[in-house]
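These notes are about the structure you will find just below.
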Amino acid sequence: MEAIYVGIDVSKDRLDVHVRPGEEAFAVARDGKGLEELVARLQAISPVLIAVEATGGFETIVAAALAGAQLPLVVVNPAQIRHFAQPVGQRAKTDPIDAAVIARFVEAVKPEPRAMPDQEARLLAELVSRRRQIIEMIVAERQREKRAENVRVRKSLVRHIKVLEKELPEIDNDIDTLVRGSPVWRAKEELLVSFPGVSNTLARTFLAEVPELGTLNRRQIASLAGLAPLTRQSGRWKGKSMIGGGRAKLRAGLYMAALSASRYHPQLKVFYRRLVTAGKPKMVALIAVARKVLTTLNAMLRDQKPWQSA
């Protein structure tokens with residue numbers, strides 16, 4: 001039997017799915033029933049690997065449903081897909097086309113799936129199921145509120161809706177914590193927090209915002225964070241190099257890590273003071289420290305080695 005690979009493009013309301021080989025394509029709603037249908041269809045074909053594109057948090061519940069069903073899953077970054085699509089000549093962009101490109105990417109690259117222990121997988125499946133139940137109850141109660149004529153009944157319905165709406169983000173947080181608490185994530189977190197100035201909170205921010213950490217070279221990772229200097233030049237005119245773009249949450253986390261490193265990290269404290277003494281503005285020096293923090297963390301994950309003082 002041929003190995004089966006699946007690509008899933010995630011949007012707010014629906015999931016576009018592409019299966020290789022065979023080029024089967026279908027779409028399901030991004031809700032409880034749609035996820036149940038997706039899991040059932042994928043379990044029936046036993047794929048070797050399923051890739052879900054990270055899309056601003058919309059992918060978390062999808063990844064949770066698939067991991068809870070113990071399907072082989074990897075969450076890939078959109079930048080990886082874009083870089084893969086360029087050399088294969090895929091410029092058109094629709095959700096079904098994106099799903100096909102993701103499937104081709106996972107078939108060609110075969111990234112490492114993230115495994116989850118059976119006990120955690122069962123808990124995740126139950127949480128996803130409970131989330132679907134809460135959403136269905138909220139929808140039903142809102143419909144009843146619209147039809148209710150008695151004031152006391154409407155007040156009772158409103159109170160219940162508020163309770164359910166308060167419960168939903170707590171369930172979402174439990175799902176997110178469980179997904180990010182898998183052994184693979186924990187191992188990476190332990191490496192990151194060995195670096196002076198990187199707390200558990202910052203480590204989780206880095207893992208969430210830049211899953212490519214440890215897989216790219218120093219220029220690529222700096223560009224991803226928006227810390228690579230961009231040259232401004234036209235003819236004989238040459239402006240100042242500036243940073244820009246990248247991922248705002250990641251850059252904010254690096255700024256906090258750089259602040260701490262410039263005060264307490266043995267080597268980077270000296271590096272920061274040397275730049276300031278040489279006349280560099282403090283913000284420029286801090287950005288340079290942030291870039292060094294990022295490239296060091298990238299190397300630590302790449303080599304699977306904790307930070308060690310020189």
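Clustering ILVMFWY residues whenever any of their side-chain heavy atoms sit less than 4.5 angstrom apart, transitively, puts M137 in the very cluster that holds L35. Linking Ile, Leu, Val, Met, Phe, Trp and Tyr residues whenever their side-chain heavy atoms come within less than 4.5 Å places L301 and F195 in a single cluster. Residues V284 and L294 are members of separate hydrophobic clusters, defined by side-chain heavy-atom contacts under 4.5 angstrom among Ile, Leu, Val, Met, Phe, Trp and Tyr. Cluster membership check: M256 does not share its hydrophobic cluster with V193, using side-chain heavy-atom separations under 4.5 Å among Ile, Leu, Val, Met, Phe, Trp and Tyr.
Taking both residues in full, the closest heavy atoms of S194 and L191 are given as OG-O, 2.5 Å, listed atom of the first, atom of the second, then distance. The two atoms that bring H160 and E141 nearest to each other are ND1-OE2, 2.6 Å, heavy atoms only. Scanning both residues, L66 and V52, for their nearest heavy atoms gives CD1-CG2, 3.9 Å. Among all heavy-atom pairs drawn from W307 and M300, the shortest one is N-CE, 3.6 Å. Closest non-hydrogen pair, A148 versus V153, comes out as CB-CG1, 3.9 Å. When all heavy atoms of P21 and A3 are compared, the pair lying nearest together is CD-O, 3.2 Å.
Using a 4.0 Å cut-off between a side-chain N of Lys or Arg and a carboxylate O of Asp or Glu, E37 and R41 qualify as a salt bridge. Salt bridge absent: R142 and E145 never bring a charged side-chain N and a carboxylate O closer than 4.0 Å. Electrostatic pairing of E170 and R130 does not count as a salt bridge here, judged by no charged N lying under 4.0 Å from a carboxylate O.
With contacts defined as side-chain heavy-atom distances shorter than 4.5 Å, the pair R131/L168 qualifies. Between Y272 and K282 there is a side-chain heavy-atom pair separated by less than 4.5 Å. Residues E53 and V10 fail the side-chain proximity criterion, which asks for heavy atoms closer than 4.5 Å. In this structure, the side chains of P47 and V19 stay at 4.5 Å or more apart for every pair of heavy atoms.
In terms of modelled atom types and a separation under 3.5 Å, the side chain of R20 and the main chain of A103 share no donor-acceptor contact. In terms of modelled atom types and a separation under 3.5 Å, the side chain of S262 and the main chain of L259 share a donor-acceptor contact. Remark: side-chain polar atoms of R263 are not paired, donor with acceptor, to backbone N or O of K269 under 3.5 angstrom.
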(request) Take V6 and L71 through the side-chain contact (heavy atoms from CB on, under 4.5 Å) test and state the conclusion after the steps. (result) CA-CA 11 Å; V6 178; L71 287 162; over 6 Å; no
